[in-house]
Amino acid sequence: MASTTTANEPLEPAAQPEQSHQSQQHEPIDTQIESDVRAEEDNDSAFETRSNISSTASLSESILEYRRIHGRTYQSTKTTDYWAPNDEQQNEGLDMIHHALLMILDDKLLLAPIDDNLQRALDVGTGTGIWAMDFADQYPSAEVIGTDISPIQPAWVPPNLRFVIDDCVLEWTWPENHFDFIHLRALYGVIPDLSDLHKKAFRHTKSGGWVQHLEMDVYIESDHVNFPPDHIFNKWADMVFECGRRTGRPFDFAHGHTLKDSLEIAGFVDVSEHKFKAPLHSWPKDPKLKDAGALLQVAFDQSLEGFGTFMFTQILGLDPHEVTVLAAAMRKESRKRSNCPWFRGTVVWGRKP
């Protein structure tokens, strides 16, 4: 039987927040805002292992042929022009977001009621591999595989974990009815057909196995401030959604019951849905949410240009300076404690009959 849980209660700001150096008044967006973009270092990740087989060497070289756009590196495959950079600056932000989500979800890596003695697990779109590493540590008897289109994962990992370069948009090469658990997270703006992705997950999950999928919304909301349509938070989100419409790879997976409906269409049963609020900035009263918000703010600060550079310049045709101005305006508003901002997140999980 399907179930849904939501976090509709407003997040309350701390009773006496420490004084911020940021203005507590809503200010108009200044097109002359000076950007505080961090200095960037070229820290392209690479696998140094050489293969004696020429075809494998050629494949490795093609995988590491990162595109360079306005000082950032991006992975590209035949099927996916991924919108986020794969450099060290962006990857640090991804790891911080992972830790913040753990705080928000009561230190749980997953909400699906999986068997503690599961044998095989797959993490699709593993990114830096941090979730897969934590999972492999927690389930040492399981064989864990993390897949991604970028080889940005560390070399030193738990012995029961391995990383594979793979594009989940293509046909999966794993055996059918193979995995006890499949994990998906942060695939918005990547997948052209969500239903097709979940059907693939269904085929490759064992009978009785589980799939879980977590996505975050792009819109920044507040229980205490009404952001008008022309506010930078809404303007930025509208531009991101427009990029998704133009590329055919939507960013709205966290909206409504999109994920839940897709899992059910794919054939999963006992589908559950959990909605949560991820605070931005350390304004919440709850101590754990306060720490999570502070961590998300740091990640947000250093990742903003990465979130927008490729999409806004390559898809919408903006000048890089325009993206810098937009990012500066976003950063300025996000730092206002009085905005009490948060993102909505959605987690769904279902069982294969």
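No experiment lies behind these values; they were computed from the predicted model shown.
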Is the distance between the ring centroids of His204 and Trp172 less than 6.0 Å? yes
Could you check whether any side-chain N or O of His98 sits under 3.5 Å from a backbone N or O of Gly129, counting only pairs where one atom can act as donor and the other as acceptor? no
May I ask you to decide if Tyr139's main-chain N or O and Asn160's side chain share a donor-acceptor pair within less than 3.5 Å? yes
Any chance you could lay out the salt bridge (charged side-chain N to carboxylate O under 4.0 Å, His left out) test for Asp193 and Lys199, step after step, and finish with the verdict? CA-CA 10 Å; Asp193 188 338; Lys199 288 176 181 177; over 6 Å; no
Tyr219 and Asp238 side chains, donor-acceptor separation under 3.5 Å: yes
Sub-3.5 Å donor-acceptor pair from the side chain of His281 to the main-chain atoms of Gly293, do we have one? no
I'd like to check Tyr188 versus Val240 (side-chain heavy atoms, cut-off strictly below 4.5 Å). Are they in contact? no
Please report the interatomic distance CG(Leu105) to CG(Leu102), rounded to the nearest 0.5 Å. 7.5 Å
Determine the interplanar angle of the His183 and Trp131 rings, folded into 0 to 90°, and report it as parallel if under 30°, tilted if 30 to 60°, perpendicular if over 60°. parallel
Expected output: side-chain Asn339 to main-chain Pro341 donor-acceptor under 3.5 Å: no
How many angstroms lie between CG in Asp319 and CZ in Phe312, if you round to the nearest 0.5 Å? 14.0 Å
When you compare the side chain of Arg337 with that of Ser282, does any pair of heavy atoms fall below 4.5 Å? yes
Is the backbone N or O of Gly267 less than 3.5 Å from a side-chain atom of Lys352, with the two atoms forming a donor-acceptor pair by type? no
To the nearest 0.5 Å, tell me how far Ile232 CD1 sits from Arg331 CZ. 11.5 Å
From CA spacing to verdict: side-chain contact (heavy atoms from CB on, under 4.5 Å), Phe163, Met133: CA-CA 10 Å; Phe163 295 116; Met133 288 186 286; 4.3 Å; yes
Looking at the rings of Phe181 and Phe135, which for Trp means the six-membered one, are their centres under 6.0 Å apart? yes
His274 side chain near Trp349 side chain, heavy-atom distance below 4.5 Å: yes
Is the side chain of Asp217 donor-acceptor paired with the backbone N or O of Phe343 at a distance under 3.5 Å, no angle test? no
Would you find a donor on one side and an acceptor on the other, under 3.5 Å apart, between the side chain of Ser262 and the backbone of Leu259? no
Sorted by chain and number, sequence neighbours left out, salt bridge (Lys or Arg N to Asp or Glu O under 4.0 Å) with Lys108 holds for none
Counting C-beta onward and ignoring hydrogens, is there a side-chain heavy-atom pair between Val169 and Pro192 closer than 4.5 Å? yes
Testing the basics here: between Ile104 and Pro279, what is the closest heavy-atom pair and its distance to 0.1 Å? CD1-CD, 4.1 Å
Compare all side-chain heavy atoms of Ile191 with those of Phe253 and state whether any distance is below 4.5 angstrom. yes
Give the cluster check for Ile265 versus Leu194: same hydrophobic cluster or not, with ILVMFWY residues linked at side-chain heavy-atom distances below 4.5 Å. no
Nearest 0.5 Å, please: how far is CD in Glu242 from CZ in Arg246? 4.5 Å
Closest heavy-atom contact between Leu263 and Gly350? CD1-N, 4.0 Å
Gln138: what forms a side-chain contact (heavy atoms from CB on, under 4.5 Å) with it, not counting sequence neighbours? Leu109
Taking all atoms of both residues into account, what is the closest heavy-atom pair of Thr346 and Phe276, and its distance? N-CE2, 3.9 Å
Parallel, tilted or perpendicular: ring planes of His198 versus His213, cut at 30 and 60 degrees: perpendicular
Side chains of Thr324 and Glu305, donor plus acceptor under 3.5 Å: no
Between Gln212 and Arg185, does a side-chain contact (heavy atoms from CB on, under 4.5 Å) hold up when you go through it step by step? CA-CA 8 Å; Gln212 176 173 304; Arg185 185 171 76 176; over 6 Å; no
Test side-chain contact (heavy atoms from CB on, under 4.5 Å) on Leu94 and Ile130 and set out the steps. CA-CA 9 Å; Leu94 293 178; Ile130 191 168; over 6 Å; no
Is a donor from one side chain sitting under 3.5 angstrom from an acceptor on the other, for Trp342 and Asp223? yes
Arg120 and side chain to side chain contact (heavy atoms under 4.5 Å, CB included): which single residue from Asp180, Ile182, Thr205 fits? Asp180
What is the minimum heavy-atom distance between Met239 and Leu318, and which atoms define it? CE-CD2, 3.6 Å
Decide side-chain contact (heavy atoms from CB on, under 4.5 Å) for Met311 and Thr247; before the verdict, give the C-alpha distance in whole Å, the side-chain angles of both, and the deciding distance to 0.1 Å. CA-CA 10 Å; Met311 290 190 291; Thr247 60; over 6 Å; no
Check whether any side-chain heavy atom of Pro320 sits under 4.5 Å from a side-chain heavy atom of Thr309, and report yes or no. no
Decide if the gap between the ring center of His255 and the ring center of Phe241 is smaller than 6.0 angstrom. yes
Nearest 0.5 angstrom please: Lys277 NZ to Ser222 OG, how far? 9.0 Å
Examine distances only and state if a side-chain atom of Glu333 and a backbone atom of Phe233 form a donor-acceptor pair shorter than 3.5 Å. no
Supply the atom-to-atom distance His178 NE2 to Ile145 CD1, rounded to the nearest 0.5 angstrom. 5.5 Å
For the pair Lys235 (side chain) and Asp230 (backbone), establish whether a donor and an acceptor sit closer than 3.5 Å, ignoring hydrogens and angles. no
Nearest non-hydrogen partners of Asp106 and Lys288, listed with the distance: CA-NZ, 4.5 Å
Using atom types as modelled and distance alone, determine if a side-chain donor or acceptor of Asn234 lies under 3.5 Å from a backbone N or O of Phe227. yes
Is there a side-chain contact between Thr147 and Ile165 (heavy atoms, below 4.5 Å)? no
Taking every non-hydrogen atom, the tightest pair across Asp123 and Thr126: OD2-OG1, 2.8 Å
